[in-house]
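Below: one structure, written as structure tokens.
Naming: A, B, ... by sequence-line order, numbering from 1 per chain. In what follows, every heavy atom counts, from backbone to side chain, and hydrogens, waters and symmetry copies are set aside.
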Amino acid sequence: MPELPEVETVRRGIAPVLEGRRLHRVLQRRDDLRIPFPARFSARLQGQQVTAVARRAKYLTIALDGGETLLVHLGMSGRFVIQPGGAGGNRFEAHDHVVLDTDAGDRLVFNDPRRFGLMTLVPTSDLAAAPQLAGLGPEPLSDEFTGEVLAAALKGRKTTLKAALLDQKVVAGLGNIYVSEALHRAGLSPKRLAGSVGAARAHRLAAAIRAVLMDAVAAGGSSLKDYVQADGTLGYFQHSFRVYDRADHPCPTKGCGGTVRHMVQNGRSTYYCPRCQK
DNA sequence: CTTACGGCCTGTACGC
DNA sequence: TGCGTACAGGCCGTAA
């Protein structure tokens with residue numbers, strides 16, 4: 001599920017359950033996800049009060065009053081399920097890996113079949129220096145992300161524009177879906193050399209990235225197979241895809257008349273309109 | 001430094 | 001029905 005809009009949607013869903021609450025009991029049901037859990041993981045969480053639930057790129061950052069921050073990545077298939085009042089008892093589903101019970105009696109279950117996600121603990125004082133966060137590019141919905149900044153990040157790059165936008169050092173939070181969507185909105189070809197994007201195109205592209213992410217966040221993200229929101233409701237941005245997973249459909253650009261095509265770049269699907277994306 | 005690729009995992013959809 | 005294959009929203013280590 002998770003690109004920036006889906007992670008932001010998860011953040012908004014779990015924040016009311018966690019913020020200000022104390023973690024009354026923490027259950028860790030296996031030794032690792034993509035990486036091992038840190039030493040004494042559940043003990044370090046237990047008894048801590050959650051001071052803030054924030055997001056950086058596709059990471060959730062759950063700050064605790066003892067000075068550590070729980071860093072969570074959802075990988076490809078990670079999700080949080082809220083069980084109000086601890087509904088569920090001692091019964092768990094397959095791939096329920098971590099269980100957080102709050103002092104309000106609510107339960108948050110982290111479930112991740114593919115285990116590409118991760119959970120670790122980092123010092124809150126050096127959060128930005130955490131290895132997972134240190135190299136990330138600008139937040140696309142922040143004021144720091146401008147056409148000038150994007151142009152500078154793309155300058156001199158020899159790879160395709162599609163591959164460059166998937167690089168989290170260029171801009172943080174885009175994934176395979178929203179890169180295709182943003183490039184279509186900007187009228188730029190995914191095959192274009194990243195370094196060929198100058199000031200004017202970078203300005204257009206930055207605006208398109210912001211717009212598609214804001215629209216998707218407003219829709220609660222995209223739900224393909226899984227549901228995204230922790231309360232089980234569905235995001236609906238998938239109904240607004242202009243090109244992603246829409247091969248052979250008419251291009252939605254007004255007056256274009258082209259047809260959406262599928263291709264594979266660096267082993268990943270790209271969808272685009274050869275007619276209006278140059 | 002940059003870039004491309006394989007691997008990590010499980011679930012699902014599809015063709016035979 | 002069963003079985004094999006390909007593919008899926010991400011990221012990292014390695015090699016060139």
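Put simply, CG on A:Asp167 is 11 Å from P on B:dA4, counting in whole angstrom units. In this structure, A:Leu154 atom CG and B:dT2 atom P are separated by 13 Å, rounded to whole Å. Regarding A:Arg79, its CZ atom lies at a distance of 16 Å from the C1' atom of C:dA8, rounded to whole Å. Atoms CD (A:Glu93) and P (B:dT10) sit 17 Å apart, rounded to a whole Å. Nucleotide B:dT10 holds its P atom 11 Å from the CG atom of A:Asp112, rounded to whole Å. Atom CG of A:Leu74 is separated from atom P of C:dC11 by 10 Å (rounded to the nearest Å). Here C:dG9 presents its P atom at 19 Å from CG of A:Asn111, a figure rounded to the nearest Å. The nearest whole Å value for the distance from the CG atom in A:Leu166 to the C1' atom in B:dT2 is 16 Å.
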Derivation of the side chain to side chain contact (heavy atoms under 4.5 Å, CB included) call for A:Met119 and A:Gln28: CA-CA 11 Å; A:Met119 278 196 194; A:Gln28 174 194 335; over 6 Å; no
Side chain to side chain contact (heavy atoms under 4.5 Å, CB included) assessment of A:Tyr178 paired with A:Ile209: CA-CA 8 Å; A:Tyr178 294 104; A:Ile209 289 168; over 6 Å; no
Worked verdict on A:Thr124 versus A:Thr51 for side chain to side chain contact (heavy atoms under 4.5 Å, CB included): CA-CA 11 Å; A:Thr124 303; A:Thr51 55; over 6 Å; no
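For A:Arg115, whose side chain is taken as the heavy atoms from C-beta onward, the closest listed nucleotide among B:dC9, B:dG11, C:dG9 is B:dC9. Side-chain proximity of A:Thr159 to the nucleotides B:dT10, C:dG10, B:dT3 is greatest for B:dT3. Across C:dG9, B:dT3, C:dC12, the shortest atom-to-atom separation from the side chain of A:Arg157 is found for B:dT3. Residue A:Lys158 has its side chain nearest to B:dT3 when only B:dC9, B:dT3, C:dG9 are considered. In the set B:dT3, C:dG9, B:dT10, the nucleotide with an atom closest to the side chain of A:Arg114 is B:dT10. Among the nucleotides C:dC12, B:dG11, C:dG10, the one closest to the side chain of A:Pro113 is B:dG11. Minimum atom distance to the side chain of A:Phe116 is reached by B:dC8, of the listed C:dC11, B:dC8, C:dG9. Comparing B:dT10, C:dC11, C:dG9 by their nearest atom to the side chain of A:Met76 picks out C:dG9.
With P as the reference atom, B:dG7 and C:dT5 are 16 Å apart, rounded to whole Å. Nucleotides B:dT12 and C:dC11 place their P atoms 23 Å apart, quoted to the nearest Å. Here, C:dC3 and B:dC9 have their P atoms 24 Å apart, quoted to the whole Å.
Within the nucleic acid shown, A:Phe237 has no heavy atom closer than 4.0 Å to any nucleic acid atom.
With A:Thr253 as the fixed residue, the side chain to side chain donor-acceptor pair (under 3.5 Å) test singles out one of A:His184, A:Arg242, A:Arg275: A:His184.
Scanning both residues, A:Ala134 and A:Ala129, for their nearest heavy atoms gives CB-O, 4.1 Å. Counting all heavy atoms, side chain and backbone alike, A:Pro140 lies closest to A:Phe145 at O-CD2, 3.4 Å.
The closest donor-acceptor contact from the side chain of A:Glu181 to the backbone of A:Tyr244 lies under 3.5 Å. Between the side chain of A:Arg11 and the backbone N or O of A:Leu60 there is no donor-acceptor pair closer than 3.5 Å.
The aromatic rings of A:Phe241 and A:Phe237 sit perpendicular to each other, their planes meeting at more than 60°, with 30° as the lower class boundary.
OP1 or OP2 of C:dC11 has at least one side-chain nitrogen or oxygen of A:Lys58 nearer than 4.0 Å. Checking the phosphate oxygens (OP1, OP2) of B:dC9, no side-chain nitrogen or oxygen of A:His95 falls inside 4.0 Å. A close approach under 4.0 Å does occur between a side-chain nitrogen or oxygen of A:Tyr244 and OP1 or OP2 of C:dG9. The shortest distance between the side-chain N/O atoms of A:His73 and the OP1/OP2 oxygens of C:dC11 is below 4.0 Å. The side chain of A:Ser77 contributes no N or O atom lying less than 4.0 Å from OP1 or OP2 of C:dG9.
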Secondary structure string for DNA chain B (Watson-Crick or G-U under 3.5 angstrom, | for other-strand pairs): .|||||||.|||||||
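Listed by residue number, the members of residues 262-270 of chain A with any heavy atom below 4.0 angstrom from DNA chain C are A:Arg268, A:Ser269.
Side-chain contact check for A:Leu100 versus A:Asp106: every heavy-atom pair is 4.5 Å or farther apart.
Each of A:Arg34 and A:Ala94 lies near DNA chain B, and the nucleotide nearest A:Arg34 is the one positioned closer to the 5' end.
Among residues at least two apart or in separate chains, side chain to side chain donor-acceptor pair (under 3.5 Å) pairs with a member in residues 192-204 of chain A are A:Arg192-A:Ser196.
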